[in-house]
2 protein chains.
Amino acid sequence: MAATGETLTSERILEATEEVLRRHGPAKATVVDVARALGVSHGTVYRHFRTKAALREAVTKRWLDRTSELLAGIVAEDGDPEVRLRDWLAALFAAKRRKAGLDPELFATYTVLTDENGEAVADHVTDLIAQLTRIVRDGTESGGFTVSDPATAARAVFHATGRFHDPAYAREWQRPGIEDEFTALVDLLVRGLRSPSP
Amino acid sequence: MAATGETLTSERILEATEEVLRRHGPAKATVVDVARALGVSHGTVYRHFRTKAALREAVTKRWLDRTSELLAGIVAEDGDPEVRLRDWLAALFAAKRRKAGLDPELFATYTVLTDENGEAVADHVTDLIAQLTRIVRDGTESGGFTVSDPATAARAVFHATGRFHDPAYAREWQRPGIEDEFTALVDLLVRGLRSPSP
DNA sequence: CAGATGACAGATATTGAAATCTGTCATCTG
DNA sequence: CAGATGACAGATTTCAATATCTGTCATCTG
């Protein structure tokens with residue numbers, strides 16, 4: 001019997017799971033904990049998610065999607081593609097750095113989750129590169145950028161800036177001078193995109 | 001009493017330590033193992049290295065230095081800086097990828113060692129960026145590159161290519177298409193370095 | 001009868017006692 | 001006496017017993 005009067009939805013299970021992960025961390029968060037938090041038996045949770053791994057993957061996807069949505073707004077703007085590219089990269093860096101700085105434990109928890117859900121991360125990366133591709137293509141069509149293959153260039157830009165968005169580098173995001181390094185790299189990449197063909 | 005007639009040098013201890021690490025892996029390699037491999041008591045090893053951590057750090061440095069020396073050869077060549085830059089980056093990628101592919105366990109062992117010796121790695125990175133800076137400066141002076149600060153640009157290039165030399169990405173180095181990604185990124189960076197000032 | 005339950009088997013994690021290792025140092029040896 | 005040794009204390013790791021968890025399913029309930 002549920003402790004609240006609300007219907008038990010997958011959505012509510014995901015919220016409870018996030019809370020349990022926040023409280024106990026990724027190593028100790030169990031399906032039993034999630035069920036207890038919801039006031040149901042753990043068998044009920046398994047009615048909505050086939051396995052614990054599937055539940056954790058769903059939580060991971062939700063988390064990644066929040067970032068995607070934030071950045072999609074910048075892609076949709078109209079304005080100078082170069083400015084949008086810089087804004088997009090800066091927003092990605094800022095979002096990650098903010099999360100890592102604000103609640104390092106929670107960030108570490110999600111880093112564990114992303115490490116164990118390679119496919120969800122790959123999808124997310126595909127999504128982000130598609131967003132970047134759109135900006136680069138806009139820049140190519142409006143004449144600011146001179147790349148032959150926007151998708152390839154976008155992929156290169158994404159991976160080149162990994163140091164500023166890959167959680168593996170989170171430790172470095174607190175260091176002084178990191179902002180300047182970010183700016184120097186983005187400047188170099190933008191110069192490369194604008195450069196007259198070789 | 002040593003099993004061989006040779007004098008016990010720090011060098012011989014380092015060689016034995018590498019062998020023990022290769023055989024037992026980073027988690028199980030002990031100072032006692034190293035002493036046994038040399039036919040001496042473990043107290044003797046402590047006469048040459050104050051702690052186990054210092055011993056492992058020395059092994060790590062040796063390993064990193066081998067890569068530095070390899071690349072220093074390319075820096076010293078004379079020839080088109082753009083070509084040297086491409087060669088240098090390709091050599092770094094190839095060396096890492098070769099090691100990771102040839103003996104994944106040993107590579108994993110050294111990845112653990114580098115993870116626990118942040119300072120040695122930082123020195124190594126400083127060294128590599130200094131090498132890159134020399135190439136970029138040459139390119140600037142001979143007119144091929146147009147950057148205002150070669151050291152900053154070199155740092156940006158190094159970090160931009162992290163995906164192709166940071167052991168954290170070793171898994172991706174086996175994937176098809178990785179060569180093309182590498183080429184696309186290096187092309188973009190070189191275009192950025194050559195680009196007329198903004 | 002749709003949805004929830006909790007007992008259950010096998011897998012995984014925790015725990016605490018025993019074994020091993022690290023680092024020191026008084027002693028030994030060539 | 002420079003260099004090596006091995007006994008030792010405290011720290012760390014191993015191992016096996018114990019507890020908890022995951023995932024299933026026969027049963028229950030509104």
Check your understanding: When Watson-Crick pairs (N1 to N3 and N6-O4 or O6-N4) and G-U wobble pairs (N1-O2 and O6-N3) count only below 3.5 Å on both distances, what is the dot-bracket string of DNA chain C, with | for other-strand pairs?
Key -> ||||||||||||||||||||||||||||||
**Study point:** First encountered from the 5' end of DNA chain D, between His48(B) and Lys28(B)
**Key:** His48(B)
**Study point:** Which residue lies more 5' along DNA chain D, comparing Arg47(A) with Arg36(A) via nearest heavy atoms
**Key:**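 Nearest-nucleotide comparison on DNA chain D picks Arg36(A).
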Review point. Nearest to the side chain of His42(B), which nucleotide is it out of dG23(D), dG6(C), dT24(C)?
Key: dT24(C)
Check your understanding: If you check every side-chain atom of Tyr46(A), which of dT24(D), dT22(C), dG6(D) has the closest atom?
Key ->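 For Tyr46(A), the side-chain atoms sit closest to dT24(D).
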**Study point:** Residues from residues 51-59 of chain A lying under 4.0 Å of DNA chain D - heavy atoms
**Key:** Thr51(A), Lys52(A)
**Study point:** DNA chain D contacts among residues 16-25 of chain A, heavy-atom distance under 4.0 Å
**Key:** none
Check your understanding: Which is true for Thr44(B) with a 4.0 Å heavy-atom rule: it touches a base, it touches only sugar-phosphate, or it touches nothing?
Key -> base
Practice item. Tell me what Val31(A) touches on the nucleic acid: a base, only sugar-phosphate, or nothing, going by heavy atoms under 4.0 Å. Key: sugar-phosphate
Review point. Any ion pair linking Glu19(B) and Arg22(B) (charged N to carboxylate O, less than 4.0 Å)?
Key: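 Here Arg22(B) pairs with Glu19(B) in a salt bridge, since their nearest N and O are under 4.0 Å apart.
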**Study point:** Toward the 5' end of DNA chain C, by each residue's nearest nucleotide, Ala27(A) or Ala29(B)
**Key:**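 Nearest-nucleotide comparison on DNA chain C picks Ala27(A).
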Exercise for review: Measure up the Trp63(B) and Tyr110(B) rings against each other and bin them: parallel (under 30°), tilted (30 to 60°), perpendicular (over 60°).
Suggested key: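 Rings of Trp63(B) and Tyr110(B): parallel, under 30°.
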